Student: 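Let me give you the structure first, and then I'll get to my questions.
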Amino acid sequence: MLSITRKLEFDAGHRIPDHRSQCRNLHGHRYVLEITLEGELVDVEGAPDRGMVMDFADVKALANEHLVNVWDHAFLVFEGDKQVRDFLDSMPGHKTVVLDRIPTVENLALIAFGILSKVYDQHYGVDLRLKRVRLYETPNCWADAERQ
């Protein structure tokens with residue numbers, strides 16, 4: 001079994017409504033997403049991804065389609081944060097993603113893992129599955145959501 005990792009970046013805003021510091025204010029981050037997949041090498045003669053777990057271009061394209069393009073330059077808001085939701089709803093066409101939990105980096109990593117595991121697991125390659133999502137909120141702070 002081998003693993004590969006693809007890194008992608010996106011920008012998004014959020015707030016942590018009950019936080020005791022600056023994070024309770026509206027703000028944004030340059031998030032860095034690392035997607036780690038594990039599987040066996042593709043060994044089909046003539047296959048364009050022969051010798052790979054999965055082509056990195058395909059990893060990127062799928063992550064962009066299902067997660068990155070959805071969250072990039074959006075405001076990620078907890079459904080229970082009524083004050084901010086009402087404000088965002090007052091701006092027609094604003095890119096808002098409503099989440100079922102507070103958008104901490106830990107929760108975002110868990111949500112991303114849930115979305116991406118449905119995309120990658122057993123759909124491509126040989127016994128391919130999502131192993132880990134690592135989401136950096138800052139260069140020094142990140143959360144890992146991993147398959148046990």
Side-chain angles (χ1 to χ4, degrees), residues 1-17 19 22-23 25-81 84-85 87-89 91-148:
M1 191 69 71
L2 291 167
S3 66
I4 60 169
T5 301
R6 174 71 170 147
K7 181 167 64 170
L8 299 139
E9 299 181 14
F10 63 94
D11 300 294
H14 76 147
R15 87 171 187 134
I16 312 302
H19 201 267
Q22 299 280 359
C23 293
N25 299 312
L26 305 178
H27 65 285
H29 296 282
R30 176 74 173 175
Y31 288 97
V32 177
L33 174 69
E34 292 181 357
I35 300 163
T36 300
L37 303 170
E38 65 180 7
E40 300 295 333
L41 294 177
V42 174
D43 192 24
V44 176
E45 191 169 335
D49 54 355
R50 188 174 183 190
M52 302 176 190
V53 171
M54 184 177 188
D55 189 314
F56 285 117
D58 294 335
V59 176
K60 177 183 176 181
L62 289 165
N64 281 340
E65 177 184 350
H66 294 278
L67 182 77
V68 174
N69 293 343
V70 177
W71 287 7
D72 187 37
H73 283 82
F75 197 89
L76 311 175
V77 63
F78 171 49
E79 65 187 1
D81 193 348
V84 172
R85 285 194 63 199
F87 168 68
L88 295 170
D89 288 344
M91 294 183 285
H94 188 273
K95 190 173 180 183
T96 303
V97 175
V98 179
L99 304 170
D100 66 353
R101 56 197 100 165
I102 295 170
T104 61
V105 71
E106 296 91 340
N107 281 332
L108 293 175
L110 286 169
I111 293 167
F113 191 95
I115 291 168
L116 295 175
S117 65
K118 293 175 187 164
V119 172
Y120 296 113
D121 285 5
Q122 304 299 323
H123 292 277
Y124 303 90
V126 181
D127 296 326
L128 185 74
R129 67 186 201 145
L130 183 63
K131 181 177 181 180
R132 181 183 69 223
V133 165
R134 173 170 284 172
L135 186 63
Y136 289 84
E137 188 172 78
T138 71
N140 299 316
C141 302
W142 67 87
D144 291 332
E146 296 186 55
R147 185 176 310 275
Q148 296 300 329

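These numbers come from a predicted model, not from an experiment.
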Student: Is the shortest side-chain heavy-atom distance between D49 and M54 below 4.5 Å?
Tutor: no

Student: Please list, chain by chain and in numerical order, all residues satisfying ring-ring contact (aromatic ring centres under 6.0 Å, His included) with H66, sequence neighbours excluded.
Tutor: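 ring-ring contact (aromatic ring centres under 6.0 Å, His included) list for H66, sorted by chain: empty.
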
Student: Would you compute the distance between atom CD1 of I16 and atom CG of D81 and round it to the nearest 0.5 angstrom?
Tutor: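 Reported to 0.5 Å precision, the distance equals 9.5 Å.
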
Student: Output the distance between atom CG (L37) and atom CZ (F56), rounded to the nearest 0.5 Å.
Tutor: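 With rounding to 0.5 Å, CG (L37) is 9.0 Å from CZ (F56).
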
Student: I'd like to check the ring-ring contact (aromatic ring centres under 6.0 Å, His included) partners of F78; sequence neighbours left out, ordered by chain and number.
Tutor: none

Student: Can you give me the closest heavy-atom contact between L116 and A63, atom names plus distance?
Tutor: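 It is CD2-CA, 4.1 Å.
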
Student: Between the main-chain N or O of Q22 and the side-chain N or O of N25, is there a donor-acceptor pair closer than 3.5 Å?
Tutor: yes

Student: Can you tell me how far the OG1 atom of T5 sits from the CZ atom of R132, to the nearest 0.5 Å?
Tutor: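 Those atoms lie 5.5 Å apart.
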
Student: Rounded to the nearest 0.5 Å, what separation is found between the CG atom of L8 and the CG atom of L135?
Tutor: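 That separation rounds to 11.0 Å.
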
Student: Decide side-chain contact (heavy atoms from CB on, under 4.5 Å) for V119 and L67; before the verdict, give the C-alpha distance in whole Å, the side-chain angles of both, and the deciding distance to 0.1 Å.
Tutor: CA-CA 10 Å; V119 172; L67 182 77; over 6 Å; no

Student: Testing the basics here: between L76 and A12, what is the closest heavy-atom pair and its distance to 0.1 Å?
Tutor: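 Heavy atoms of L76 and A12 come nearest at CD1-CB, 4.0 Å.
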
Student: Can you tell me which residue pairs pass the salt bridge (Lys or Arg N to Asp or Glu O under 4.0 Å) test with a partner in residues 95-115, sequence neighbours excluded?
Tutor: none

Student: May I ask you to test the H14-H27 pair for a side-chain heavy-atom distance under 4.5 Å?
Tutor: yes

Student: Please check this pair: side chain of N69 against backbone of N64, looking for a donor-acceptor N/O pair closer than 3.5 Å.
Tutor: yes

Student: Do you know which two heavy atoms are closest between R50 and V44, and how far apart they sit?
Tutor: CD-O, 3.4 Å

Student: Decide yes or no for I102 and P17: does some side-chain heavy atom of the first lie under 4.5 Å from some side-chain heavy atom of the second?
Tutor: yes

Student: Ignoring hydrogens and geometry, is there a side-chain-to-backbone donor-acceptor pair from D72 to D11 under 3.5 Å?
Tutor: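 Flag set: sc D72 to bb D11 pair under 3.5 Å.
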
Student: Test of understanding: with ring-ring contact (aromatic ring centres under 6.0 Å, His included), list the residues that count as partners of F10, not counting sequence neighbours.
Tutor: Y31

Student: Restricting to non-hydrogen atoms, name the atom on K131 and the atom on F113 that form the minimum distance, rounded to 0.1 Å.
Tutor: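 For K131 and F113, the tightest heavy-atom pair comes out as O-CE1, 3.8 Å.
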
Student: Step by step, work out the side-chain contact (heavy atoms from CB on, under 4.5 Å) result for V53 and L41.
Tutor: CA-CA 5 Å; V53 171; L41 294 177; 4.2 Å; yes

Student: Do you know which two heavy atoms are closest between A109 and V133, and how far apart they sit?
Tutor: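 Taking every non-hydrogen atom into account, O-CG1, 4.1 Å.
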
Student: Quick one: CG on L62 to OH on Y120, what's the gap to the nearest 0.5 Å?
Tutor: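 Taking CG in L62 and OH in Y120, the distance rounds to 5.0 Å.
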
Student: Report yes if the side chains of W71 and L33 come closer than 4.5 Å at any heavy-atom pair, otherwise no.
Tutor: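 Contact flag for W71/L33 side chains = no.
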
Student: With side chain to side chain donor-acceptor pair (under 3.5 Å) as the rule and sequence neighbours excluded, what pairs involving residues 133-145 come up?
Tutor: R134-D144

Student: For side-chain contact (heavy atoms from CB on, under 4.5 Å), just list the numbers for E79 and V98, CA-CA rounded to whole Å, side-chain angles, deciding distance to a tenth of an Å, and then say yes or no.
Tutor: CA-CA 6 Å; E79 65 187 1; V98 179; 3.6 Å; yes

Student: Using only atom types and a distance under 3.5 Å, with no angle test, would you say the side chain of R147 pairs donor to acceptor with the backbone of L130?
Tutor: yes

Student: Calculate, to the nearest 0.5 Å, the distance between atoms CD1 and OG1 belonging to I4 and T36 respectively.
Tutor: 8.5 Å

Student: So R30 and E9, salt bridge (charged side-chain N to carboxylate O under 4.0 Å, His left out) or not? Walk me through it.
Tutor: CA-CA 7 Å; R30 176 74 173 175; E9 299 181 14; 3.1 Å; yes

Student: How would you list all residue pairs meeting salt bridge (Lys or Arg N to Asp or Glu O under 4.0 Å) that involve residues 51-70, not counting sequence neighbours?
Tutor: none

Student: Heavy atoms only: give me the nearest K118-G114 pair and the separation to one decimal.
Tutor: CG-O, 3.5 Å

Student: Quick one, E40 with M1, criterion side-chain contact (heavy atoms from CB on, under 4.5 Å). Give me CA distance, side-chain angles, the key distance, then yes/no.
Tutor: CA-CA 5 Å; E40 300 295 333; M1 191 69 71; 3.9 Å; yes

